[in-house]
S.K.: 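Take a look at this one; I'll ask things after.
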Protein chains: 4
Amino acid sequence: MANRSETSRLSILDATLRLLDDEETTVKSLSIEAIAKEAGVGKTTIYRWWPSKAAVVIDAFMENHLLHTPVRDDVPVREALAIHLRSLISQYAGKPGQLVSQILAESQYDAEVRAMFRERFFDDRYWTIVRLVERGIESGELSPDVDPRILSEMIYAPVYHRLLIGHRPLDDQFADDLIATALGLPAVESRGRSTRKIRAAS
Amino acid sequence: MANRSETSRLSILDATLRLLDDEETTVKSLSIEAIAKEAGVGKTTIYRWWPSKAAVVIDAFMENHLLHTPVRDDVPVREALAIHLRSLISQYAGKPGQLVSQILAESQYDAEVRAMFRERFFDDRYWTIVRLVERGIESGELSPDVDPRILSEMIYAPVYHRLLIGHRPLDDQFADDLIATALGLPAVESRGRSTRKIRAAS
Amino acid sequence: MANRSETSRLSILDATLRLLDDEETTVKSLSIEAIAKEAGVGKTTIYRWWPSKAAVVIDAFMENHLLHTPVRDDVPVREALAIHLRSLISQYAGKPGQLVSQILAESQYDAEVRAMFRERFFDDRYWTIVRLVERGIESGELSPDVDPRILSEMIYAPVYHRLLIGHRPLDDQFADDLIATALGLPAVESRGRSTRKIRAAS
Amino acid sequence: MANRSETSRLSILDATLRLLDDEETTVKSLSIEAIAKEAGVGKTTIYRWWPSKAAVVIDAFMENHLLHTPVRDDVPVREALAIHLRSLISQYAGKPGQLVSQILAESQYDAEVRAMFRERFFDDRYWTIVRLVERGIESGELSPDVDPRILSEMIYAPVYHRLLIGHRPLDDQFADDLIATALGLPAVESRGRSTRKIRAAS
DNA sequence: CGATAAACGAGACGGTACGTCTGGTCTTGTG
DNA sequence: CACAAGACCAGACGTACCGTCTCGTTTATCG
């Protein structure tokens, strides 16, 4: 029989990360051929076990838990949200963000990749936020009238939006603004509307 | 001398749309070679005037005003938002949505395409919503404490989010949920409570 | 592993000859793309194994021994020369001649092709004539004072000269004239005079 | 009205020579586009007056009398031949030789170019040699039995042969060997056959 | 001497082929 | 018998030139 070689599997995932580490390399410019060569592995071996290049990248990405965005449950929801969002945004502002946006790009052309992205990456994060919002409703920090899933999307989606479109920066201010608006509260340090407008315009 | 040929320009944009109309064709699978052949045009002519395949697609997409998402200013903000979002979402649920998501995908790999997407497509829509939100604040429909740009992103981004990730459907319910949550009103009859929440937070 | 495919090699050479057989096709107008298409082969396969189009043509030309110009060693040198030259000239007057002249043309731009032409095509023929001239010297049919290589060139080069420049025809008369002049005999009956001349010069 | 512009004609021929002067540029790699640009002339102007790139090159080549190969008629034929051939060969060994061989290459694909090469370049030289050989016959230096045109080709063709095939060098020794053999005389400095053989092999 | 027609520079155009690259499949030993 | 190595068919890439075709803009006779 000769079962799947764990050595090969790891070489492939390692090689993928090594290649993606190069500032110039994108998921698109990365080729299966290059991965095979870097891993010292035949192309066939990759094609045998992964349905597409993007699948390898997602696997490699997850294998090394490249994104660390804890959600604390021992602090008030507002604070937990703040910690989580700031952490997420700061990571998305860098190389991991590029990777996520490129995987998302690949997933536009391949339903299998899209499903894999959701299952292996997206769902966990999404439900974590939904649960957090639900805790906020339970604790009274958030209005009981909001749909936790919709509110979660309204908090989370803008981060992806800026990541993908780049019309405005991914920074701490953004995290604070999102939370303040979501909780129906102006950001602490900038209460007035006109002040906020000026900030937004800068 | 020897000015640009309008005939060629139109042939190219038309051919691009014709090819993209095919259910199986994506922006990725579309090739400049195919456009040239379909348009009866030399490849050089395309390369001479467009920096990339995606640029041609954006031009073609815009040339024919493929997306019609009016924003009324003669009705209350809530209603204008509802009309706009329902229209936008219904179109994004179909072929135009696929195109937008694929252009966005391409833009992840090409700063020029990203800029073109923003300038030719995104900015108009974004500012239209921002202005709408500002009108809502002025008319008292929205709390004066929200940052119009942040709120706009919180309303708009989830649409793109579902378009790109596909974790939940793009339908009228979604439009209504977004508006209700954005206006701080889970439903019409709960206006008082949500108003209270906003007031309490200020 | 994965050795060269003999099937492909033959398809390519066959396709090349098939295309060149067309009266209108020249080595210049022949394209690697056309060979690949005709052979049902990827362009890469051609580029992998041949350094240039001309190299493929030379290979194809030689593979099928397209030129038959025997040199008899069982008859007097004059007769062997006559048979050989008449045969060579008659072939050069037709399609093979065009091919040779076109390969020679290509070789003016590519040292590798020039070397290949010499090694695969020219040298054999050249040395065959040199040896024939040497036999003529040994047998007394030719003056011992001539340099066999120079005399060979003087006999052989005019054939190429007419082939390439076309100032006068390639016909049997030409073969006879060359031999007569080379042997120092304008005609059979004037052997004495020419012998005298050579003797007088030594 | 508006006659041919002599200025343009000269710019084009000059530009052609300037471009061909570059060691790396060949008649093949030279493009009409490049000539037009270098000459500051529209492509149309070239196409209007010349049938092909090679025609321009021949014109440019001749305009500047790039080859100087005098034939003296005030010295014995042997000496005149020696002077002419040594001069010709020494020039053919350099850049002019490359040009001639490349023009000859081009002429293999274009009957018009071939005719132009003959008329503008070849015929003069050919008949000059024929006349020289005829003078040799009249003066008794050459046997009255040889056909002057055939002997001319036997003297002249080997030069082109070496130029195009490059199997042996174009040098003074070659000129002397040709003349010696043509005149039925061994070269003065190397009378013995074995000596000649060794020289030929080097 | 002003009209007018050809030649001119510029360069866009529809094409062809280039040589390179990658995708995904197939083949051939090796461990 | 899974693997590495890599050859294979296929076809798009972006580039270079081809030869044709407008464009205005000189020129230079001719009416």
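Below, chain A is the first sequence line, B the second, and so on; all start at residue 1.
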S.K.: Can you run down the side chain to side chain donor-acceptor pair (under 3.5 Å) pairs that involve residues 33-43 of chain A, sequence neighbours left out, and say none if there aren't any?
M.R.: A/Arg18-A/Glu38, A/Glu33-A/Lys43

S.K.: F/dC13 C1' sits how many Å from B/Lys28 NZ, rounded?
M.R.: 15 Å

S.K.: Roughly what angle, to 10°, lies between the helix axis at the start of the helix from E/dC1-F/dG31 to E/dG31-F/dC1 and the one at its end, five pairs per end?
M.R.: 10°

S.K.: Please check this pair: side chain of A/Ser11 against backbone of A/Thr7, looking for a donor-acceptor N/O pair closer than 3.5 Å.
M.R.: yes

S.K.: Ring pair (Phe, Tyr, Trp, His ring centres under 6.0 Å) with D/Phe122: which residues, sequence neighbours excluded?
M.R.: C/His161, C/His167, D/Tyr126

S.K.: By salt bridge (charged side-chain N to carboxylate O under 4.0 Å, His left out), which residues pair with C/Arg4, not counting sequence neighbours?
M.R.: none

S.K.: In whole angstrom, what separates A/Ile12's CD1 from F/dC3's C1'?
M.R.: 11 Å

S.K.: Strictly under 3.5 Å: I want the nitrogen or oxygen pairs between protein and nucleotides 20-22 of chain E, one per line.
M.R.:
{"from": "E/dC21", "atom 1": "N4", "to": "C/Thr44", "atom 2": "OG1", "distance (Å)": "3.2"}

S.K.: When B/Gln108 is tested against each of A/Leu163, A/Leu164, A/Val27 for side chain to side chain contact (heavy atoms under 4.5 Å, CB included), which residue passes?
M.R.: A/Leu164

S.K.: Rounding to an integer number of Å, can you tell me how far A/Ile46 CD1 sits from E/dT25 C1'?
M.R.: 14 Å

S.K.: Side-chain N or O of D/Trp49 less than 4.0 angstrom from OP1 or OP2 on E/dA7?
M.R.: no

S.K.: Suppose we screen for side-chain hydrogen bond (donor to acceptor under 3.5 Å, both in side chains). Which residues come up paired with C/Gln102, at least two apart in sequence or across chains?
M.R.: none

S.K.: Nearest-Å distance, CG (B/Leu10) to P (E/dC13)?
M.R.: 12 Å

S.K.: Below 4.0 angstrom, which residues in residues 102-115 of chain D have at least one non-hydrogen atom near DNA chain F?
M.R.: none

S.K.: Rounded to whole Å, please give me the gap between CD1 in A/Ile35 and C1' in F/dA4.
M.R.: 16 Å

S.K.: Output every pair passing salt bridge (Lys or Arg N to Asp or Glu O under 4.0 Å) with a member in residues 98-112 of chain A, not counting sequence neighbours, ordered by first then second residue.
M.R.: A/Glu106-B/Lys28

S.K.: Under 4.0 Å: is that the gap between some side-chain N or O of B/Asn3 and OP1 or OP2 of E/dG11?
M.R.: no

S.K.: For C/Arg48 and F/dA10, what is the distance between atoms CZ and C1' respectively, to the nearest whole Å?
M.R.: 13 Å

S.K.: Once side-chain hydrogen bond (donor to acceptor under 3.5 Å, both in side chains) is applied, do any residues pair with D/Gln98, and if so which ones, sequence neighbours excluded?
M.R.: none

S.K.: Separation of D/Lys37 atom NZ from F/dA16 atom P, in whole Å?
M.R.: 10 Å

S.K.: Kindly point out which of F/dA4, F/dA7, E/dG14 is positioned nearest to the side chain of B/Val41?
M.R.: E/dG14

S.K.: Of all residues at least two apart in sequence or in a different chain, which pass the side-chain hydrogen bond (donor to acceptor under 3.5 Å, both in side chains) check with C/Thr16?
M.R.: none

S.K.: Between P on E/dG14 and CZ on B/Arg4, what's the gap in Å once rounded to a whole number?
M.R.: 11 Å

S.K.: Which pairs, with at least one residue in residues 95-104 of chain A and sequence neighbours excluded, count as a salt bridge (Lys or Arg N to Asp or Glu O under 4.0 Å)?
M.R.: none

S.K.: Listing request: all salt bridge (Lys or Arg N to Asp or Glu O under 4.0 Å) pairs with a residue in residues 44-62 of chain B, at least two apart in sequence or in separate chains.
M.R.: B/Asp59-B/Arg120

